[in-house]
Chemist: 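Attaching a single structure in structure tokens format; questions to follow.
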Amino acid sequence: MSSYLDELNGVQRAAVTTTEGPVMVIAGPGSGKTRVLTYRISYLLQKGVPPWSILTLTFTNKSAREMKDRIERVVGPKAQQVWAGTFHAIFARILRAEATKIGYPANFTIYDTDDTTSLIRAIIKEMSLDTNVYNASAIRSRISLAKSNLITPKLYRDKAEMMEEDRTAKRPYLVDIYEKYMARCQRAGAMDFDDLLFQLFRLFRDNPDQVLEKYRQKFQYIHVDEFQDTNYLQYAILRLLVKYEGSGENLFIVGDDAQSIYAFRGATIDNILDFEKDYPTLQTFKLEQNYRSTHHIVAAANQVISYNRRQLNKTIWTDRNERNLIKLVKSVTDDEEGRRVADLILEQRNRYHIPNSEIAILYRTNAQSRKFEEHLRRINIPYRIFGGMSFYQRKEVKDLVAYLRLAVNPLDEEALRRAVNYPARGISDATLDKIAQVAAATNLSMWEAMLHPMLDITDRAKKSLAGFRNMVVDWQKRANTENAYKLASEILRKSGLHDLLKGDTSPEGISRLENVNAVLDAISEFTDSVVLPDPENPDAQNNDKSLSTYLQTISLMTDADEDPDDRDFVTLMSTHAAKGLEFRSVFVTGLEENLFPSFMSMEDPNGIDEERRLFYVAITRAKEYLTITYAQNRYRYGQIRTSEPSRFLEEISPEHFELIGGMGSGRGNNPGPPQPARASVSGNFANPRMPQQKAPIAVPANFITAAPEAIVPGTRVLHLKFGEGKVTQVEGPRDNKVATIVFKEDELPERRIMLKFAKLMVLPAS
DNA sequence: GGGGGCTATGGGGGG
DNA sequence: CATAGCCCCC
């Protein structure tokens with residue numbers, strides 16, 4: 001047997017070698033899930049399965065790329081011929097080959113969130129609706145949700161519940177906006193992110209013999225990573241591909257319900273549950289050994305996640321014996337938090353020789369990054385921020401890309417609006433409004449409406465329009481034949497963008513010019529790269545070097561996919577972006593009520609559970625050192641706000657913490673007796689056993705959180721989660737007291753709770 | 001047509 | 001507070 005199989009533990013090996021039929025791998029954090037996936041694909045390739053009949057769907061381009069590289073190390077270059085990529089990228093590739101069958105051009109444009117929002121805003125205006133009530137981005141997410149659940153505008157009208165929700169929100173015309181939006185996208189030859197799934201579903205469903213059957217035969221082995229984050233529509237497509245008469249049902253899914261953090265965009269845990277129902281012959285493997293993190297990190301993670309109501313049975317454990325306590329850092333302000341984190345990083349580098357690249361600062365919202373930047377800069381620690389505005393969202397880059405998009409697909413309305421009069425060429429807003437009106441009246445795109453006889457504009461405007469059109473038409477003719485780099489450089493100059501940027505000699509202006517030149521460099525790199533073809537699908541090759549393919553590729557990229565330079569930098573990113581990564585030292589920051597958990601989640605118990613899973617993801621990124629921080633005061637919405645420490649801090653026993661900051665502390669409290677890290681996370685969907693699954697504690701209207709001084713041995717207390725209990729012991733320094741409390745109805749005999757976090761009320765003695 | 005300044009609005013995570 | 005959109009003025 002090949003040597004790489006020897007690197008696997010028993011369960012991992014069994015999962016890897018079970019190649020036939022449906023397989024589900026439930027994989028805890030750090031349990032070697034990527035290794036299982038890559039070795040399984042290597043195993044298939046070594047057995048002689050052709051690479052182009054293997055499909056692997058991931059959530060980021062980066063993880064797809066890494067997976068291919070790791071497979072390549074085992075089986076060689078044919079690894080690159082495996083179909084591996086994000087759902088969106090793979091589906092875009094298939095759609096490119098088949099789009100004409102559903103009335104889209106092969107060169108369809110992909111609208112990003114900004115394009116989508118601005119189109120929706122335009123529609124709202126055209127319908128003369130109140131822009132205060134009809135908020136474009138809120139409507140965008142509702143349309144997105146509908147699409148991800150296969151609800152067309154027509155079906156939407158039949159959903160009494162959704163229509164009622166819109167009426168209640170005073171937005172009865174939402175479905176009309178949805179309908180118009182779909183038509184406008186179609187007319188512009190554009191698909192938004194959801195369309196890449198939605199239109200693929202349509203394509204498969206409406207062309208069972210010509211198209212679906214072809215891909216069913218082609219993809220004999222299908223893998224899905226991060227299955228807990230798939231939505232209804234993604235699962236529906238998978239079913240089309242796998243679930244049919246005579247299918248081998250070789251679907252291999254890997255996921256962890258405890259790490260499901262994308263419910264907000266329609267991901268549903270039901271997919272895991274339904275999976276067991278849909279595939280009765282399913283074989284399930286649980287990867288429960290954590291190879292990543294040390295004792296206290298694993299124990300804390302288990303404690304936190306045990307508060308969630310719905311989860312699959314599993315027990316995560318580690319045999320790593322290092323007992324670095326989790327540092328819990330309290331700061332008075334967000335600025336102090338930034339300073340303490342930067343100073344601790346310096347200390348860790350000096351004392352433990354941890355390189356910057358093994359250190360990450362994680363936060364709930366991208367806006368929190370600023371304070372960390374300031375303090376890292378102050379002490380000269382190099383860092384790199386992921387998230388926030390990506391390269392392709394910068395104005396100057398979008399301006400150039402708009403012209404490139406037009407050259408490929410002039411029907412693209414959003415690109416047209418952006419480019420038509422920038423740089424200025426005498427096409428006024430009034431002229432554009434008239435074009436839009438003609439387009440609406442004739443059901444044409446704006447590009448076509450420009451030539452319509454109905455269009456009543458001055459000769460001067462006509463002349464300007466003609467000049468613009470001729471320029472674009474010329475590029476369009478060459479877009480399919482000419483070298484993409486050469487054409488793009490010409491477009492940059494001929495559009496007038498180059499001169500415009502060159503005229504600005506301010507430092508920002510120079511950097512803008514550098515950015516557009518970087519786009520040209522990226523195109524050049526793209527056209528020069530060589531990828532092995534898929535002989536079965538000459539139409540859908542990933543070595544298509546046209547401008548059109550390039551544009552489709554970049555619209556699916558995020559800044560996490562950009563090449564990091566090889567400097568040794570500290571990573572700053574959101575907790576969402578950190579999923580799947582690991583670092584020797586991790587700082588999880590801003591653990592405050594209304595921030596983490598986010599205030600957006602506070603009213604919904606499911607929302608709190610998702611925030612808790614996010615916290616679980618965050619702390620399990622750490623291999624050796626975990627530091628959790630919170631601030632008592634923080635600038636938010638323009639003013640200083642005082643915040644309570646996050647409820648999640650209360651869910652970790654004090655013996656895992658070493659306290660830093662605040663008055664009179666800074667030394668660890670008594671760690672207490674050693675505890676096995678094998679903290680059981682039991683309970684399952686059918687058999688509720690978790691604390692929150694009980695009837696909720698009746699909260700008296702007069703609930704007041706008691707001051708720590710009021711809690712002494714013998715006190716009767718009411719806790720917001722655990723209900724009534726009696727204090728048996730209080731220990732620790734004055735402002736870090738820990739109480740041991742026996743609760744009346746609790747599966748544990750007693751709990752140790754840090755009073756400064758606890759939501760406790762003193763009850764009268766009985 | 002461009003720029004400056006005012007106002008309203010958002011405020012979360014991302015392919 | 002930061003930003004985007006908008007209006008107004010040049």
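Remember, it's a predicted structure, so these values are computed and weren't measured experimentally. Only heavy atoms go into these numbers, but all of them, side chains included; no hydrogens, no water, no symmetry mates. Just so it is clear: chains get the letters A, B, ... in the order the sequence lines come, proteins before strands, and each one is counted from 1.
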Chemist: Distance check: side-chain N/O of K62(A) vs OP1/OP2 of dG14(B), anything under 4.0 Å?
Modeler: no
Chemist: Mind checking if S555(A) touches a base, just sugar-phosphate, or nothing, with heavy atoms under 4.0 Å?
Modeler: nothing
Chemist: List in chain and number order the residues that pass side chain to side chain contact (heavy atoms under 4.5 Å, CB included) with A136(A), two or more places apart in sequence or in another chain; answer none if no residue qualifies.
Modeler: T117(A), I120(A), R121(A), I124(A)
Chemist: So, D609(A) and Y307(A): side-chain donor and acceptor under 3.5 Å apart, yes or no?
Modeler: no
Chemist: Give me the distance, rounded to whole Å, that separates dG12(B) from dG5(C) when you measure between the C1' atoms they each carry.
Modeler: 22 Å
Chemist: Among side-chain atoms of T333(A) and E336(A), is any donor-acceptor pair under 3.5 angstrom?
Modeler: no
Chemist: Using heavy atoms to find the nearest nucleotide of DNA chain B for F59(A) and G426(A) separately, return the residue whose nucleotide is more 5′.
Modeler: G426(A)
Chemist: Which whole-number value in Å describes the distance from N421(A) CG to dG3(B) P?
Modeler: 13 Å
Chemist: Could you encode protein contacts along nucleotides 8-13 of chain B as a string, one character per nucleotide from 5' to 3', using B for base contact, S for sugar-phosphate-only contact and - for no contact, with a heavy-atom cut-off of under 4.0 Å?
Modeler: -SSBBB
Chemist: Quick one: is the NZ or CZ of K147(A) closer than 6.0 Å to the six-membered ring centre of F193(A), and within 45° of its axis?
Modeler: no
Chemist: Could you give the CG-to-P distance, from D192(A) to dG14(B), as a whole number of Å?
Modeler: 18 Å
Chemist: Is a side-chain donor or acceptor of R613(A) paired with a backbone partner of I261(A) at a separation under 3.5 angstrom?
Modeler: no
Chemist: Looking at every strand, decide which applies to K579(A) at a 4.0 Å heavy-atom threshold: base, sugar-phosphate, or nothing.
Modeler: nothing
Chemist: Whole-Å distance between dC6(C) C1' and D429(A) CG?
Modeler: 12 Å
Chemist: For Y635(A), report the nucleic acid contact type (base, sugar-phosphate, nothing); a contact means any heavy atom under 4.0 Å.
Modeler: nothing
Chemist: Any chance you could encode DNA chain B as dot-bracket? Rule is Watson-Crick or G-U wobble with both distances under 3.5 Å; [ ] for pairs crossing earlier ones, | for another strand.
Modeler: ||||||||||.....
Chemist: Starting from C1' on dG14(B), measure out to CG on L196(A) and report it in whole angstrom.
Modeler: 14 Å
Chemist: Side-chain contact, heavy-atom cut-off 4.5 Å: K62(A) with L581(A)?
Modeler: yes
Chemist: Can you name the residues that form a side chain to side chain contact (heavy atoms under 4.5 Å, CB included) with A618(A), not counting sequence neighbours?
Modeler: L362(A), T575(A), V588(A)
Chemist: Considering only heavy atoms, which members of residues 85-92 of chain A lie under 4.0 Å from some atom of DNA chain B?
Modeler: T86(A), H88(A)
Chemist: Answer yes or no: is there a donor N or O on one side and an acceptor on the other, between the side chain of D399(A) and the main chain of R418(A), under 3.5 Å?
Modeler: no
Chemist: What's the spacing between R512(A) CZ and K395(A) NZ if we round to 0.5 Å?
Modeler: 8.0 Å
Chemist: What is the distance, rounded to the nearest whole Å, between atom CZ of R634(A) and atom C1' of dC1(C)?
Modeler: 15 Å
Chemist: Does R121(A) place a side-chain N or O at less than 4.0 Å from the phosphate oxygens OP1/OP2 of dG5(C)?
Modeler: yes
Chemist: Any side-chain donor-acceptor pair under 3.5 Å between S548(A) and R96(A)?
Modeler: yes
Chemist: According to side chain to side chain contact (heavy atoms under 4.5 Å, CB included), who are the partners of K434(A), at least two apart in sequence or on a separate chain?
Modeler: L455(A), I457(A)
Chemist: Could you check whether the rings of Y363(A) and F372(A) sit parallel, tilted or perpendicular, using 30° and 60° as the cut-offs?
Modeler: parallel
